[in-house]
Amino acid sequence: MEDRKLNEKESLELITQMIRNTRWNLDAGSGNMFLLWMWGFWGIPVVGYLLSYIFMRKKDKPVSLYIDKVLNEMWQFMGIVCLAVALMAAYFHAFEVILPLCAILLSLGSIFTGVLIRYTRFSGLSSMGVLLGLRMLFEVWDKSSFLQILPEFVLVVILAMIIPGHILNYKAKKENKNKSK
């Protein structure tokens with residue numbers, strides 16, 4: 001390009017052309033990544049329910065106690081409420097509340113599980129998840145961005161789901177080892 005000064009009309013025309021080119025580039029398939037992530041987010045419950053069904057079907061079914069039925073019903077309810085939160089947030093275009101509300105619901109489900117199985121460490125970690133979920137909710141209320149609360153949501157999942165899941169697996173493995181002796 002030449003090193004000459006552009007007049008006002010030429011400058012505006014150049015800026016308009018650059019914006020038009022950028023829009024065309026986005027329209028020509030670059031927006032697919034946004035759509036992929038959106039559909040990926042909505043696909044999480046589908047994949048989760050499908051895998052839960054497959055794993056539970058293959059598992060040997062021991063005698064089901066009342067507490068097992070209560071836990072199963074409670075987690076099904078929490079899943080339905082999380083799905084309802086996501087659908088209502090999508091309907092009202094309030095996507096920013098999905099992660100905080102689901103973080104609170106998952107943490108509450110883990111707390112109830114810890115209380116029912118009488119394992120206090122389980123409930124303690126999940127209580128931190130509720131507090132983080134509330135903090136996230138007030139952050140989005142204060143117009144913080146989704147990217148600012150995403151790491152906090154990941155931390156809630158680790159505290160309320162992953163660590164307690166590993167604790168339960170370890171405890172069950174240890175008890176099964178003691179039973180076989």
Side-chain angles (χ1 to χ4, degrees), residues 26 30-59 61 64-169 171-172:
L26 284 175
S30 296
N32 289 344
M33 198 53 69
F34 293 108
L35 297 174
L36 174 71
W37 279 102
M38 185 192 77
W39 285 112
F41 179 78
W42 288 107
I44 290 171
V46 173
V47 171
Y49 283 122
L50 181 64
L51 289 175
S52 295
Y53 175 76
I54 290 169
F55 288 138
M56 294 308 288
R57 197 181 72 181
K58 288 183 176 182
K59 190 177 174 184
K61 296 189 181 177
S64 185
L65 303 172
Y66 178 72
I67 198 165
D68 297 326
K69 291 177 184 175
V70 168
L71 284 172
N72 189 23
E73 293 293 321
M74 187 264 313
W75 278 109
Q76 284 181 358
F77 177 75
M78 289 296 185
I80 290 168
V81 173
C82 279
L83 182 62
V85 163
L87 292 174
M88 289 184 77
Y91 180 77
F92 289 106
H93 302 286
F95 299 102
E96 64 276 357
V97 299
I98 294 173
L99 291 181
L101 292 177
C102 287
I104 292 168
L105 289 168
L106 291 174
S107 297
L108 287 174
S110 290
I111 289 170
F112 295 147
T113 301
V115 167
L116 286 172
I117 64 173
R118 296 182 182 187
Y119 199 61
T120 55
R121 278 190 252 167
F122 202 93
S123 299
L125 289 169
S126 301
S127 296
M128 291 190 313
V130 170
L131 293 175
L132 275 171
L134 288 171
R135 182 179 185 279
M136 290 166 44
L137 188 60
F138 288 111
E139 281 182 23
V140 297
W141 201 327
D142 193 32
K143 304 294 183 222
S144 294
S145 77
F146 170 77
L147 292 175
Q148 289 173 324
I149 65 168
L150 188 59
E152 292 176 40
F153 181 75
V154 170
L155 184 59
V156 168
V157 170
I158 290 169
L159 291 172
M161 305 296 285
I162 295 174
I163 293 173
H166 282 294
I167 289 171
L168 283 179
N169 283 344
K171 189 175 178 184

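Position 1 is the first residue of the sequence; numbering continues from there.
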Residue pair Phe112 / Met78: nearest heavy atoms and the distance that separates them: CE1-CE, 4.0 Å
In Å, rounded to the nearest 0.5 Å, how long is the span from SG of Cys82 to CD1 of Ile98? 10.0 Å
Please round to the nearest 0.5 Å and tell me the distance separating atom CG of Leu168 and atom CD1 of Ile163. 12.5 Å
Specify the closest pair of heavy atoms between Ala160 and Ser107, including all atoms of both residues, with the distance to one decimal. CB-OG, 3.6 Å
Which pairs pass salt bridge (Lys or Arg N to Asp or Glu O under 4.0 Å) with one or both residues in residues 149-161, sequence neighbours excluded? Arg135-Glu152
For residues Ile149 and Glu96, report the shortest heavy-atom separation together with the two atoms involved. CD1-O, 4.0 Å
Are Leu150 and Leu99 close enough that some pair of their side-chain heavy atoms sits under 4.5 Å apart? yes
Listed by chain and number, what are the side-chain contact (heavy atoms from CB on, under 4.5 Å) partners of Leu101, not counting sequence neighbours? Val85, Val97, Leu137
Does Thr113 have any side chain to side chain donor-acceptor pair (under 3.5 Å) partners at least two apart in sequence or in another chain, and if so, which? Trp75
First locate atom CG of Leu125, then atom CD1 of Ile111, and finally report the distance between them rounded to the nearest 0.5 Å. 10.0 Å
Closest non-hydrogen contact found for Met136 with Ala103 is CE-CB, 4.2 Å
Flag side-chain contact, heavy atom, 4.5 Å: Ile104 against Val156: no
Residue pair Gly109 / Met74: nearest heavy atoms and the distance that separates them: O-CE, 3.4 Å
Got a second to check how far Ser110's OG is from Leu105's CG, nearest 0.5 Å? 11.0 Å
Might you work through the side-chain contact (heavy atoms from CB on, under 4.5 Å) test for Ser126 and Leu159, ending with a clear yes or no? CA-CA 6 Å; Ser126 301; Leu159 291 172; over 6 Å; no
